[in-house]
Amino acid sequence: MELRAVRGMNDILPEEALRWHYLESTFRSHAELHGYGEVRTPILEHTSLFTRQIGETTDVVEKEMYSFERHSDNLTLRPEGTAGAARAYVEHGINAKEPVSRWYYLGPMFRAERPAKGRYRQFYQAGCEHFGDPGPLCDAEMIDFIAAYLRKIGVSGFAVHVNSLGSAGTRERYRAALVEHFAPVRSTLSEDSQRRFEKNPLRILDSKDPRDREASASAPSILDMLDDADAAHWKGLLRYLDVLGVPVVIDPTLVRGLDYYTRTLFEIRATDADLGAQSALLGGGRYDNMVEGLGGPKVPAIGFAMGLERLLVSTPASPVTRSLGCYLAPLADIGADKALVLARELRALGVTAEVDGRGGRLKAMLRRADSLGAHLCVLLGDTEIARGVVTVKNLRAHTQDELPLEGAARALCDRIAAIAGSTGTDNDEARGAR
Ligand code: AMP
């Protein structure tokens, strides 16, 4: 049988990886500009971390986790990054070391969802967690941070949906109001919603099933039920977002699929990209009780996670290309020896170099150099080596001359820099260092 990748899990091949690098490196520098430092937590965690923090009645925990037992530990491939980050925050007693911590992460997550465009079983998230600040200022700043990142990478259209889920007391009152609202129509709801009716009626609002949508349309709004402290937080958030000029859609039906959220909740949806039902580029919110729930002190927190696959679909197929500085074409055995050494010297100077090790005809080698976008092709034939020179073809300007083999690396490096200067390409690109 032909072996294929697991359904819903994708290979990212080198050409495509260039666009990933762009999104990732831009995210890293953007996060660091805002004072975030990278955290790397294990991909496997104890299953109970997710069942307790994400919530027993969420889709993720009920049916999407990749869990298994090994050496009598129940383990799960992480379906998201927040629970692991909060676990690490508590485990390392970070709150005793600093009052506020800003962390970011990047990496693969795993959910056994039904694969579709923009929905995979292994997917990549970039996210941030901000611990230790209870106020709405940091909520607004985080949303602005994300909007600035999306603009930076060229996401053309997006809408910021915000809501407040209030604190525990508000949630309890809202839960009771929803039970009262849905009770008379309970039997018309989808099977999932009927099951969740008592345990977690907020999730009915999140359902895409038309039967649930109809019943939800007239449901009470949580924004009308916020207590004074929740309402002050909510107003503060909207005011700071206004100060920052971030337009938002106030969306009381936004509940999102994870149970740990408190107060501020947000989701950013693509409005232009062709993502079908998977238009949510990212989601996030406050989770003021998680650190305490994990056995730590009472430390408020807020975070978000965005799916890189969805960002790729929403950004222009950017002009990121791999370009090669020098292609080395040895035309004889002795040429191969010299090419190996010359390539190593070029790379030490920061010039990308590739040696054609297959031998063969000059024409084929030139074709390959061209297809790789090389700036210079260096020919190392018997007669050249005997005379202590190499032939250099400029593949862009279609010119050709000779250089002494001795000191060729430095001379080639200077030529590449000159090409960069004359064509306006930056030096890195001309060296092929990108
Ligand atoms: P969540 O962790 O469910 O709040 O999701 C946050 C973001 O991660 C979503 O807005 C998506 O961009 C991305 N995401 C979640 N699940 C998947 C998936 N199965 N495939 C691809 N991206 C996903």
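Each ligand, and each atom within it, is numbered from 1 in the order the structure gives.
- Polar contact with ligand 1: absent for M306 (N/O pair, distance under 3.5 Å).
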side-chain hydrogen bond (donor to acceptor under 3.5 Å, both in side chains) between S190 and S193, intermediate numbers included:
CA-CA 5 Å; S190 68; S193 289; 3.3 Å; yes
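- Nearest heavy atom pair, residue I222 against residue P252, reads CG2-O, 4.5 Å.
- Taking the centre of each ring, F266 and H161 stay at or above the 6.0 Å mark.
- Ligand-side atoms of ligand 1 in range of E113: 16 (N), 17 (C), 18 (C), 19 (N), range being under 4.0 angstrom from any heavy atom.
- By the criterion of a heavy-atom distance under 4.0 Å, neither the backbone nor the side chain of V60 is placed next to ligand 1.
- Ligand-side atoms of ligand 1 in range of R111: 1 (P), 2 (O), 3 (O), 15 (C), 16 (N), range being under 4.0 angstrom from any heavy atom.
- Checked by atom type, the side-chain pair T253/D251 shows a donor-acceptor distance below 3.5 Å.
- Nearest heavy atom pair, residue Y149 against residue L23, reads OH-O, 2.8 Å.
- Atoms of ligand 1 lying under 4.0 Å from any heavy atom of A280, numbered from 1 in the order shown and given with element: 9 (C), 10 (O), 11 (C), 12 (O).
- Those atoms of ligand 1 with a heavy atom of L282 less than 4.0 angstrom away are 10 (O).
- Counting heavy-atom neighbours within 6.0 Å of E180 CD, excluding the residue itself, gives a total of 12 or less.
- For the residues E80, Q125, M109, R121, the heavy atom positioned nearest atom 5 (O) of ligand 1 is part of Q125.
- Using a distance-only test at 3.5 Å, with no hydrogens or angles considered, no donor-acceptor pair links the side chain of T76 to the main chain of R78.
- In terms of N/O distances under 3.5 Å, ligand 1 is approached by Y120.
- Near A305, meaning under 4.0 Å from one of its heavy atoms, ligand 1 places the atoms 6 (C), 7 (C).
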